[in-house]
Structures are given as structure tokens and as C-alpha cells.
Protein chains: 2
Amino acid sequence: MSVKLRFYLNETLYIKDPQDSKLGRKIIQYSVEIISQIGFEAFTFKKLAAEIHSTEASLYRYFENKHLLLLYLVNWYWEWVNYLITLNTMNIRDAKKKLEIVIRSLVFASEDNSLVEFINESKLHRIVVFEGAKAYHTIDIEKENSVGMFKSYKDLIAVISGIVLEVDPDFKYPHALASSLFEMANNQLFFARYLPKLTDVSSKKNYDVEVEKILNYFLNKLLF
Amino acid sequence: MSVKLRFYLNETLYIKDPQDSKLGRKIIQYSVEIISQIGFEAFTFKKLAAEIHSTEASLYRYFENKHLLLLYLVNWYWEWVNYLITLNTMNIRDAKKKLEIVIRSLVFASEDNSLVEFINESKLHRIVVFEGAKAYHTIDIEKENSVGMFKSYKDLIAVISGIVLEVDPDFKYPHALASSLFEMANNQLFFARYLPKLTDVSSKKNYDVEVEKILNYFLNKLLF
DNA sequence: CAAAAATGATAGTAATACTATCATAAATGA
DNA sequence: TCATTTATGATAGTATTACTATCATTTTTG
């Protein structure tokens with residue numbers, strides 16, 4: 001059996017849909033590779049073109065600039081996490097359990113058998129933890145938001161806040177909690193690894209497991 | 001009476017201390033001005049030099065590059081908030097009240113009579129909300145951290161987590177809570193303004209007051 | 001198999017992020 | 001006060017970045 005997973009991302013993010021062609025998928029695959037290695041600042045279309053034996057001109061036919069490429073990747077991540085949560089909570093009754101799955105999805109962001117062969121989800125997750133905030137802290141936020149470039153983020157937060165309300169229908173700020181949970185997961189993973197004084201993890205290995213614990217502890221106190 | 005406030009920031013952040021000279025203070029003052037207006041990406045030393053009728057070469061004698069200038073500003077902000085919290089909780093007994101002051105300091109980040117004439121704190125706050133994350137999500141984080149470039153952030157978190165423990169000595173993750181509180185304040189302010197679906201503020205005006213409410217609500221549930 | 005679409009190859013440009021050098025102005029200390 | 005150090009300005013130059021344009025060559029598709 002061969003199942004293919006495909007997300008439909010907002011059309012304003014790209015000039016030509018990279019999922020539709022071999023070159024496009026290579027762009028995605030290797031941009032994840034390179035950005036996760038050298039960081040977004042040092043990443044250039046020239047380096048990417050060299051890596052995949054293409055040319056800058058060809059890349060510019062897919063993405064207007066590297067900022068929108070990053071935003072595309074981050075949107076893809078938002079869809080991915082949304083998919084993980086939806087899939088894994090589907091047959092769960094207990095809302096409390098669902099929330100645990102949400103946290104697990106945010107912290108690990110992975111699945112045993114990936115269904116998208118051209119994206120390395122764990123490297124993409126590293127990019128989101130490291131560079132994610134740069135994708136939406138931009139001076140053009142209002143314009144970009146008005147054309148739907150953050151739709152996937154809003155959809156994800158809507159899903160999570162729905163689960164929050166299942167657990168505690170009286171909780172006053174479900175969206176704020178959901179977005180905070182998303183951001184906290186990324187920030188605490190980052191801090192645990194690079195600025196451990198800003199968090200409370202004891203070891204540098206398996207800090208993801210500890211971050212998961214922290215988030216569960218917080219949510220339990222907040223909602224029950 | 002003339003009181004001057006001066007923070008001692010980590011020496012690796014600058015080449016020459018900008019607080020020590022007229023030109024240096026102008027650099028700080030107008031970089032805050034320009035970055036808050038056009039954003040960090042569009043900000044260049046050339047533009048700043050033109051604005052203050054100086055030259056690029058002179059600016060490079062103070063800061064190695066614009067990234068370190070931003071990091072300097074953000075460090076200044078961390079010190080500033082730390083100062084606000086310390087000052088305003090000094091004569092307070094009730095730990096619960098102290099935490100409210102922490103939140104107020106993070107959300108408003110201002111004082112009626114500023115003691116530093118060359119820094120506009122509310123514009124600096126806007127920069128931190130908008131660009132702050134870029135200052136520490138960098139590929140050189142390990143090197144920068146090892147020379148003390150994030151000391152002010154750690155100090156601030158130490159102070160806040162101390163207050164958290166005063167309120168609830170058994171709270172298991174005071175540092176994670178403190179850093180989350182700091183990041184949440186900035187993120188929720190940003191979302192309230194630009195991506196309101198990611199939070200729960202009703203109006204676009206006075207969203208800071210609403211964010212303050214949300215944070216207090218969260219903390220009350222978490223700690224009492 | 002012809003036409004259309006995608007990609008490659010190459011060139012060029014304005015702006016960015018610096019570095020270097022020398023001249024001049026300001027501050028300092030004996 | 002004057003000599004000397006220090007700070008700043010003026011100018012020039014360079015490698016890299018972030019694109020845009022044009023034309024040739026493949027590849028895809030009806």
C-alpha cells in the first residue's frame with residue numbers, strides 16, 4: 001500500500017507549488033537540510049542552488065525570497081503538527097489524554113513512519129525551534145496575515161483550543177493557552193539545550209522528555 | 001536632584017561602551033528609533049550613520065555588527081525590567097502582589113519618569129516584542145552564551161523565579177515558569193496586536209491591559 | 001510530434017556588510 | 001598650555017547578497 005500525504009498550503013506563500021515538481025521537492029528537502037545545519041541567516045539561494053545542482057534563477061521561480069521559503073516551511077510544520085494531533089486523538093475519548101497527545105506532538109513532532117519522503121520532520125522541527133519566530137516577527141506581518149500566510153497556525157491553535165475546552169469548558173482563555181503551549185514547547189526545548197538556566201531540566205540528554213513533563217505539569221495545574 | 005541610571009552590560013557585547021560617549025549614546029538612541037520604525041531586517045549601519053550624521057566606520061568602532069547591537073539593546077531591556085521589578089517590589093511584603101508587579105513590569109515595561117534620557121523605553125519594548133527572539137535564536141548561541149552575552153536574561157529569570165518560589169515554595173519548575181512568563185508576555189502582546197486569533201483579546205485597543213489580565217489569570221491558576 | 005512549460009546558463013545591478021587608510025578634531029595630563 | 005593620545009570623520013574599496021533579465025535547451029503534455 002502506498003499512501004501519500006500532501007498539505008495544501010496557502011497559495012500566496014509560493015510562486016509555483018514546490019510539491020508539484022521534482023525540483024520543487026528538492027528545494028524543500030535541501031532547504032530543510034541546509035537551514036538546519038547553518039542557520040537561516042547564513043542560508044542563501046545560491047548555496048541551495050549549488051547543493052541541488054540548479055541555479056538561483058530557478059529557485060526564484062518557486063519562492064519570491066528566502067523569507068517566504070522559511071514561512072512556507074513553518075506553515076508546513078503547523079500543518080504537520082495539526083495532522084499529528086488530529087490523527088492521534090481521533091479515537092481517544094478522554095479529553096485529558098488528548099491534551100497529553102497534543103503536548104507529545106509539540107515536543108517530539110515526529111511519527112514512526114513518515115509519509116512524506118522529501119521532508120525530514122525532525123530537522124524541520126529543529127528549524128521551527130530555532131528559526132520559527134523569525135518567520136512571523138516581520139515588519140510585513142499585517143500584509144502577510146491579510147493574504148492568509150498564517151492560516152495554518154490559526155487552524156492549529158483552533159484545534160488545540162478546542163481540546164482545551166473539552167477538558168475545561170469554563171477556561172477563559174483557550175486560544176492564549178493554546179498558542180502559549182505551542183510557543184512554550186519550542187522555547188523550553190531551545191532553552192533546555194542552549195540556555196539551561198532559563199528552565200529546569202537537569203540533564204542535557206533527553207531534555208525533550210523533561211520538557212514534556214514540565215508542560216504536562218503546567219497544564220494539569222491550569223486545567224484541573 | 002539629578003539621578004542617573006546606568007546599567008553595566010556584559011563587555012563582550014560591544015567594542016567600546018556606547019554609554020561612555022556622546023556618539024555612543026546617539027547610536028543607542030537612534031538605533032532604537034530606527035529599528036522600531038523599519039524593523040531589524042531593514043535596519044543598516046549606513047542608515048543609522050546618515051541619521052546621526054556620522055559614518056559607518058565610526059559605528060563599527062562601537063559594535064562588531066548589527067546583530068550585537070540588537071543583542072546589546074535586548075540586554076539593556078532585560079536589565080531595565082529587572083530594575084523595574086526590583087524597585088517596585090522592594091517594599092512589598094505580599095509575594096502575590098510582587099508577582100502582579102512582575103507581570104505589570106513585563107507587559108508595560110515603563111515608568112512614569114524615565115531616568116535614562118537617551119533610551120525611549122516604550123520603543124525599546126516594542127523592539128523586544130517584535131525582534132527580541134532574533135537576538136538569541138542565532139547559530140552562535142553557544143559561543144555567545146559562553147562569554148556571558150545572556151547574563152542579563154538569566155539574572156532576570158533568577159529574580160522572577162525567586163518571587164515564584166516565595167508564592168509557592170513547592171512549585172517544581174520556577175525557572176521554566178519565569179522564562180515562559182517573560183516570553184508569553186511578549187508573544188501575547190504581539191499576537192493581540194497582529195494575530196488576534198492566536199489569543200483571546202476582544203479589542204485592539206488596550207490589549208495590553210487584557211494581556212495583563214490573561215497572565216494574572218494563568219498565574220493564579222498555576223500557583224494557588 | 002508540435003507547442004507549451006520548465007529549467008539551465010549566463011550576465012548584470014544595487015545594496016549590504018564590512019575593512020583599511022589617512023586626516024582632523026577633541027580630550028587629557030604633565 | 002602644549003604635546004600627545006584618543007575619538008571621529010572622510011573616503012575608498014571589496015566580497016557577498018539578493019535579486020532581475022534574457023536567451024537557450026530540456027522536458028512535459030495534449
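So you know, we letter chains A, B, ... as the sequences are listed, proteins then strands, and number each from 1. Owing to the predicted nature of the structure, the values given are computational and were not obtained by experimental measurement.
- Closest approach to the A:Lys16 side chain among C:dA6, D:dC19, D:dA10 is made by C:dA6 (side chain taken as heavy atoms from C-beta onward).
- The distance between atom NZ of A:Lys46 and atom P of C:dT16, rounded to the nearest whole Å, is 18 Å.
- Comparing C:dA6, D:dC19, C:dC18 against the side chain of B:Glu56 picks out C:dC18 as the nearest.
- Using a 4.0 Å heavy-atom criterion, one finds that A:Phe63 contacts no nucleic acid atom at all.
- Of the side-chain N and O atoms in B:Tyr62, none sit less than 4.0 angstrom from OP1 or OP2 of D:dA7.
- If you check the side chains of B:Tyr173 and B:Ser180, you find no donor sitting under 3.5 Å from an acceptor.
- In this structure, A:Asp17 places its CG atom 17 Å from P of C:dA5, rounding to the nearest Å.
- Between A:Phe43 and B:Ser21, the one whose closest nucleotide on DNA chain D sits nearer the 5' end is B:Ser21.
- Between the CZ atom of A:Arg61 and the C1' atom of C:dT7 there is a distance of 6 Å, rounded to whole Å.
- The separation between A:Leu59 atom CG and C:dA6 atom P is 15 Å, rounded to whole Å.
- Closest to the side chain of A:Tyr60, out of D:dA18, C:dA6, C:dT19, is D:dA18.
- When only modelled atom types and interatomic distance are considered, A:Lys197 and B:Asn145 share no side-chain donor-acceptor pair under 3.5 Å.
- Note that the two end axes of the helix from C:dC1-D:dG30 to C:dA30-D:dT1 enclose an angle of 30°, each drawn from 5 base pairs, rounded to 10 degrees.
- Between D:dG9, C:dT16, D:dA18, one nucleotide has an atom nearer to the side chain of B:Thr55 than all others, and that is D:dG9.
- Counting to the nearest Å, the P atom of C:dC18 and the CD atom of B:Glu64 are 8 Å from each other.
- The CD1 atom of A:Ile38 sits 9 Å away from the P atom of D:dT17 (whole-angstrom rounding).
- Residues that satisfy the side-chain contact (heavy atoms from CB on, under 4.5 Å) test with A:Glu11, not counting sequence neighbours, are A:Tyr14.
- Side-chain contact, B:Ser21 with B:Tyr62: a donor N or O sits under 3.5 Å from an acceptor N or O.
- The pair A:Glu142-B:Arg193 meets the salt-bridge criterion, since a charged nitrogen lies less than 4.0 angstrom from a carboxylate oxygen.
- Taking the six-membered ring where tryptophan is involved, the planes of A:Phe130 and B:His137 are perpendicular, since the angle between them exceeds 60° and thus also 30°.
- When distances are taken from the side chain of A:Ser54 to each of C:dC18, D:dG9, C:dG8, the shortest belongs to C:dG8.
- Note on ring orientation: taking the six-membered ring where Trp is involved, the planes of B:Trp76 and B:Phe7 are perpendicular (angle over 60°, cut-offs 30° and 60°).
- One interatomic measurement links the two molecules: NE2 of B:His67 to P of C:dC18, which rounds to 11 Å at whole-angstrom precision.
- Of all nucleotides listed (D:dA10, C:dT10, D:dC19), C:dT10 comes nearest to the side chain of A:Ala57.
- Rounded to whole angstrom, the span from the NZ atom of B:Lys26 across to the C1' atom of D:dG9 amounts to 13 Å.
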